[in-house]
Amino acid sequence: MRVRVLYHDHCFDGAASAAFFSRFFEGKYAPGATFEFTGLAHKASQLFEDKLFDGDVNAIVDFKYSPDPRLTWWFDHHQSAFLSPEDAEHFRRDHSGKKIYDPSYSSCTRFIADVARKKFDYNAPDLADLVEWADIIDGARYANAQEAVELRDPAMKLTLVIESAKGSEIIHKIIRWMRCSPLADIIEKPEIQELYVPLYERHLRSIDIIWKYAHAADGVIYFDLIDQELEGYNKFIPYYLFPNSTYTVSVSTSSFRTKVSVGSNPWAREIPKHNLASICERYGGGGHPRVGAISFEIGAVDQARKVAEEIRDELAV
């Protein structure tokens with residue numbers, strides 16, 4: 001049996017979700033199955049290409065819903081899980097018991113693990129550390145900004161590789177290792193260290209760049225990285241540098257989109273009042289109540305900057 005697992009690319013929770021789901025499916029239904037992994041990224045024009053669903057079984061984890069009849073399994077925990085009201089209605093009409101949604105969960109990995117145990121009587125105790133770290137990382141359950149930014153734990157080092165590595169090939173290897181190896185062993189693999197060392201140096205440079213270009217006022221940290229050739233950064237750096245701020249709004253660009261990122265400080269003195277997913281949804285984006293993003297076409301810099309400034313002004317206290 002060939003199983004295609006589609007997951008949120010360049011995301012620790014996405015990779016961990018793919019690892020746990022494949023372990024669950026193999027252990028419960030198909031010992032000896034062949035698994036193929038495909039990373040999905042949020043784009044301005046989000047479509048599921050027909051060729052994506054090419055397995056005997058097709059699953060999506062930690063990503064938006066697809067009404068494609070070839071989709072067998074779906075797990076997600078994002079508030080913005082549906083591309084359209086029609087997709088949401090299609091999901092509500094599904095009675096397979098294999099398409100499951102709960103936005104109350106901090107991580108999709110924890111969600112899959114709980115559903116597998118409670119509904120399907122499956123448990124993987126050797127993956128407890130993976131599940132716990134996915135929940136910490138995706139739910140921003142760090143003790144402080146230092147833990148999130150200084151990257152002392154193996155899981156945090158691996159997150160840097162997953163979020164910053166070019167392409168998806170190495171992430172597929174990481175997913176396969178996550179299925180059976182401790183995170184501390186994975187980060188020490190020579191090919192991971194070869195990637196990690198220069199990425200960590202880049203991480204340190206990104207701290208300096210954000211410090212140089214960020215401006216904090218009225219509880220909002222704002223910065224524009226369009227001209228900095230910095231594709232991705234640790235989203236907790238702004239709170240590491242400006243701990244008294246509540247929100248972050250930034251504009252950046254990558255090889256496939258222009259992006260507005262919106263986040264909230266997990267260690268803010270007061271609980272953030274705004275639902276960031278709802279704000280981003282107004283502009284065609286989405287996410288979680290405490291963190292969200294909006295994708296624009298490559299080159300749509302003026303449009304992205306205008307939206308970022310509007311959101312910054314809305315969040316200002």
Should D54 and R2 count as an ion pair when the cut-off is N to O under 4.0 Å?
yes

Electrostatic pair R312:D218 at N-O distance under 4.0 angstrom
no

Is the gap between the ring centers of F120 and W73 under 6.0 Å?
yes

Centres of the Y122 and F24 rings: under 6.0 Å?
yes

Selection residues 191-212 - residue pairs positive for side chain to side chain donor-acceptor pair (under 3.5 Å), sequence neighbours left out
K173-E191

Residue pairs fulfilling side chain to side chain donor-acceptor pair (under 3.5 Å) with at least one residue in residues 143-167, sequence neighbours excluded:
E150-R152, E150-Y240

Would you please say whether a donor-acceptor pair under 3.5 Å links the side chains of [X] and [Y]?
X    : Y    : answer
S278 : Q79  : yes
Y233 : S250 : yes
S22  : R179 : yes

Step-by-step salt bridge (Lys or Arg N to Asp or Glu O under 4.0 Å) determination, R110 to D13
CA-CA 9 Å; R110 174 79 73 187; D13 188 37; over 6 Å; no

Side chain to side chain donor-acceptor pair (under 3.5 Å) filter on K306, not counting sequence neighbours, yields E310

Heavy-atom pair with the smallest gap, counting every atom of V149 and I237
CG2-N, 3.8 Å

How far does NE2 of H215 sit from OH of Y222, to the nearest 0.5 angstrom?
11.0 Å

Matching residue for V249 among L315, L276, D224 - test: side-chain contact (heavy atoms from CB on, under 4.5 Å):
L315

